[in-house]
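The structure appears below as structure tokens.
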Amino acid sequence: MDVLTDILSSSGLVTHLLAQQAFYRPFAVTFPCPRSMGFHVLTQGEAYIRSPRLAQPIHLRRGDFVLLPRGFQHEIATDPATPASARERIDWQ
């Protein structure tokens with residue numbers, strides 16, 4: 001096993017995977033993450049991570065990945081200004 005797999009396996013977190021999602025402009029989705037961590041991989045294009053905890057959005061490009069701590073509410077958007085609507089909210093039960 002590689003180090004990342006070891007960390008994710010031993011974390012005790014329930015795994016939810018949103019695989020092979022394509023987001024087209026303009027788009028923004030909210031990840032509340034009250035009890036989970038965030039892990040995102042950008043396989044093409046560009047996106048932004050936004051959060052009340054960040055002074056400014058983080059610009060992501062193809063090949064970037066982000067690992068966010070448990071409880072880190074955030075949004076992924078196709079640009080810094082597009083608001084996320086209620087139907088574009090991911091809630092894990």
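Heavy atoms only: backbone and side chains are in, while hydrogens, waters and symmetry mates are out.
Atom-to-atom distance recorded for Tyr48:OH and Ile76:CD1 is 13.5 Å, nearest 0.5 angstrom.
Residues Ala84 and Glu75 come closest through the heavy atom pair CB-OE2, 3.9 Å. The two residues Pro52 and Gln73 have their closest heavy-atom pair at CD-O, 4.0 Å.
Listed by chain and number, the residues in a side chain to side chain contact (heavy atoms under 4.5 Å, CB included) with Ser51 are Arg53, Leu54, Phe72, His74 (sequence neighbours excluded).
For residues 56-65, the set of pairs meeting the salt bridge (Lys or Arg N to Asp or Glu O under 4.0 Å) definition, not counting sequence neighbours, is empty.
The hydrophobic clustering, which links ILVMFWY residues whose side-chain heavy atoms are closer than 4.5 Å, places Leu42 and Ile49 together. Clustering ILVMFWY residues whenever any of their side-chain heavy atoms sit less than 4.5 angstrom apart, transitively, puts Val29 in the very cluster that holds Val66.
The side chain to side chain contact (heavy atoms under 4.5 Å, CB included) test with Phe27 singles out one residue from Thr78, Thr82, Asp79, and that residue is Thr78.
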